[in-house]
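A short write-up of the structure that comes next.
Each chain gets a letter, A, B and so on, in the order its sequence line appears, and its residues count up from 1.
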There are 2 protein chains.
Amino acid sequence: MPRETKIPLPTLERLATCYRYLTDIESRNVETISSSAIETATGIHAAQFRKDLSYFGVFGRPGIGYDVDDLKRRIAGILKVENEQPVILVGAGNLGSALVGFFGLPQHNFHIVAVFDNNPRKIGQTLWDLQVQDVGRLSETNAQLGARIGIIAGPAVAAQNITDVLVDAGIRVILNFAPTTIRVPDGVGVRNVCFIQELAVLSYYLSKLPEPNVG
Amino acid sequence: MPRETKIPLPTLERLATCYRYLTDIESRNVETISSSAIETATGIHAAQFRKDLSYFGVFGRPGIGYDVDDLKRRIAGILKVENEQPVILVGAGNLGSALVGFFGLPQHNFHIVAVFDNNPRKIGQTLWDLQVQDVGRLSETNAQLGARIGIIAGPAVAAQNITDVLVDAGIRVILNFAPTTIRVPDGVGVRNVCFIQELAVLSYYLSKLPEPNVG
DNA sequence: CAGGGGTTGTGCATTATTTCACAGCCAGCG
DNA sequence: CGCTGGCTGTGAAATAATGCACAACCCCTG
């Protein structure tokens, strides 16, 4: 069913996971891969994976599997990660610095092109190859850069302000690392990454785990 | 239904989100809160939230809402975040450094008590108040520390090795920041946080968004 | 003490997602 | 060319999660 109606979010997440894996094995010169091999490598259930692909049209070859190179390109096309995309970052603290370093790696197509902060002591400092700019000039700067993707790496108290500034500057999707819920107008996408929250869920798991090595 | 059978994962994630919010408003001396107020603040559907709580027993009072202090304590009890818990971190790069700083904040009960790396240039360095140790001594060190929660902040190629070492040292749940899928034995919990993957999903959203300000 | 406005807890209907299971296809081999 | 072993694509069944709707409840006011 090549009609791309409404794609489940878990499907997109799995495709992203799979893309990561394909990038990995591509460098090992593997030419072809089956859905069950993907299952053992990534934990994604084979039938699930095939169905995920089926939302977007035909891919693999029965009896053979998927051509690694082709599959990777196709998923890249779906997720729109084939071409380099500019990203702007707000918050030049430790996390912000780590993110700039991380996305400085060449193996993915997201590139942080500007860093902003509101702390006068940080403005003007150099983070890797970027100079931290005043968040007050974000809109102005992005009018030239034209980034649509923004990352919030500031503290929770500042997150909503930052969000408003980003949206105002034409940012359409936001990756939010601040441990708080941000409000955005319709038509702006958000994903939250909250470290404490992740640990809290793990902490629950931990409490439910049977005690090991009793004896 | 106070029987705590099998809790949906989304429920735990919502409770964690809510806990974060409660911590926030508690400091503002709000005494009571309704599920619909929680909805407007966090985006969690009110009925959904009430049902989440119902998995764990009775809480609020009809006509009034929830006592903020009590609710927070109860959720803390569910997620087991009332008491401070030791966490060990592997990977003393930029991200690792940011994480140590982040969890150094006193407002949550996770505390990084040791940092490990395999890079000789990093071993012995000081990260905030901790000295980076050789990952080869992880098991030995944790025999004394007794941490059950581990964080992987190393590169993808090292992730599986790190995982094995952690599990061997008695770590039962792992927060994995390395952009790869790690394999763990039964009874060990994992949550993955992958920046590229988050951006990839946002990139898909972005491509589906209608173009704004046409005119 | 009766009535009203507001809020909870929850069974049930609805929607979303996963898993199964199998027909159909592919390459290789004799 | 016909058979075999392996793998895909997908409808249908099963499972999971969400959202609705309403009885029961609480405080306040008069």
- Query: How are the rings of B:Phe102 and A:Phe195 set relative to one another: parallel (under 30°), tilted (30 to 60°) or perpendicular (over 60°)?
  - Reply: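 If you compare the ring of B:Phe102 with that of A:Phe195, the planes turn out perpendicular.
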
- Query: Hey, can you pull the residues of residues 65-76 of chain A with a non-hydrogen atom under 4.0 angstrom from DNA chain D?
  - Reply: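 Contacting residues: A:Gly65, A:Tyr66.
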
Between [N] and [X], is there an OP1 or OP2 to side-chain N/O distance shorter than 4.0 Å?
X	N	result
B:His45	D:dC20	yes
B:Arg14	D:dA17	no
B:Arg61	D:dC27	yes
A:Arg50	C:dT19	no

- Query: Heavy atoms, side chains only, cut-off 4.5 Å: are A:Val90 and A:Ile151 in contact?
  - Reply: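 Counting from C-beta outward, A:Val90 and A:Ile151 never come under 4.5 Å.
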
- Got B:Ile171 and B:Thr163 here, is their nearest side-chain heavy-atom distance under 4.5 Å?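 The answer is no; the side chains never approach within 4.5 Å.
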
Return yes if a side-chain donor-acceptor contact under 3.5 Å exists between [X] and [Y], otherwise no.
X	Y	answer
A:Ser203	B:Gln85	yes
A:Thr42	A:Arg20	no
B:Asp67	B:Thr32	no

- Assess the pair A:His111 and A:Phe103: is the distance between their ring centroids shorter than 6.0 Å?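 No, ring centres 6.0 Å or more apart.
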
- Query: Roughly how far, to the nearest 0.5 Å, is the CZ atom of B:Arg183 from the OG1 atom of A:Thr40?
  - Reply: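 A:Thr40 atom OG1 to B:Arg183 atom CZ measures 6.5 Å (nearest 0.5 Å).
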
- Message: Any donor-acceptor pair, under 3.5 Å, between the side chain of B:Lys51 and the base of C:dG9, if you only look at N and O atoms?
- Response: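 No, the side chain and the base share no sub-3.5 Å donor-acceptor pair.
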
- Message: Heavy atoms within less than 4.0 Å of DNA chain C: which residues of residues 31-39 of chain A have one? Give them sorted by number.
- Response: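 Nucleic-acid contacts, sorted: none.
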
- Value in whole Å for how far the P atom of D:dA17 lies from CG of B:Leu15: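 These atoms are roughly 14 Å apart.
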
Atom pairs, protein N/O to nucleotides 3-6 of chain C N/O, distance under 3.5 Å:
| unit_1 | atom_1 | unit_2 | atom_2 | d |
| --- | --- | --- | --- | --- |
| C:dG6 | N2 | B:Gly63 | N | 3.2 |

- Residues which pass salt bridge (charged side-chain N to carboxylate O under 4.0 Å, His left out) with B:Asp69, listed by chain and number, not counting sequence neighbours: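 Residues passing salt bridge (charged side-chain N to carboxylate O under 4.0 Å, His left out) with B:Asp69: B:Arg73.
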
- Residues which pass side chain to side chain donor-acceptor pair (under 3.5 Å) with B:Ser97, listed by chain and number, not counting sequence neighbours: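 Testing B:Ser97 for side chain to side chain donor-acceptor pair (under 3.5 Å), a comparison that skips the adjacent residues, returns none.
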
- Excluding sequence neighbours, so at least two apart, what forms side chain to side chain donor-acceptor pair (under 3.5 Å) with B:Ser207?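 With neighbours one apart ignored, the set is empty.
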
